[in-house]
Participant: 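There's a structure below that I have some questions on.
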Amino acid sequence: MDDARLDLTDLFAFTVPGDRTVLIMNVNPVAPTGGQAFHPEAVYRLDVDTDGDHRADVAFGFVF
């Protein structure tokens, strides 16, 4: 789609005490700034495999 706001560059996942998981994602560093780093009509989706079968068991969808 040739829109830098749709290009996710990094995804970090780690656990923290209390049986919690933290997910962090970054967008393209050349995407516009000033509150428009994410595309307003995009749905960003992270699929998570929790049992090692290479299939999503949980999905998180984000709209900004």
Side-chain angles (χ1 to χ4, degrees):
M1 290 198 61
D2 202 27
D3 188 328
R5 297 173 297 177
L6 298 172
D7 186 13
L8 299 180
T9 57
D10 297 300
L11 174 64
F12 302 95
F14 54 93
T15 59
V16 295
D19 196 31
R20 296 180 184 209
T21 301
V22 175
L23 300 173
I24 300 171
M25 67 180 192
N26 294 337
V27 294
N28 189 325
V30 298
T33 59
Q36 294 298 318
F38 294 99
H39 194 289
E41 297 177 22
V43 176
Y44 298 87
R45 180 179 165 132
L46 301 176
D47 293 332
V48 180
D49 174 13
T50 61
D51 59 10
D53 66 354
H54 303 285
R55 295 183 184 190
D57 299 300
V58 180
F60 299 94
F62 303 93
V63 176
F64 298 95

Participant: By the salt bridge (Lys or Arg N to Asp or Glu O under 4.0 Å) test, which pairs, at least two apart or in different chains, include something from residues 40-59?
Facilitator: Arg45-Asp47
Participant: Tell me whether Ile24 is reachable from Val48 by hopping between hydrophobic residues (I, L, V, M, F, W, Y) whose side-chain heavy atoms are closer than 4.5 Å.
Facilitator: no
Participant: What are the two closest non-hydrogen atoms of Leu23 and Ala13, and how far apart are they?
Facilitator: CD2-CB, 3.5 Å
Participant: Taking the side chain as C-beta and beyond, is there a heavy-atom pair between Val16 and Phe14 under 4.5 Å?
Facilitator: yes
Participant: Membership question, hydrophobic clusters at under 4.5 Å side-chain separation (ILVMFWY): are Val58 and Tyr44 in the same one?
Facilitator: yes
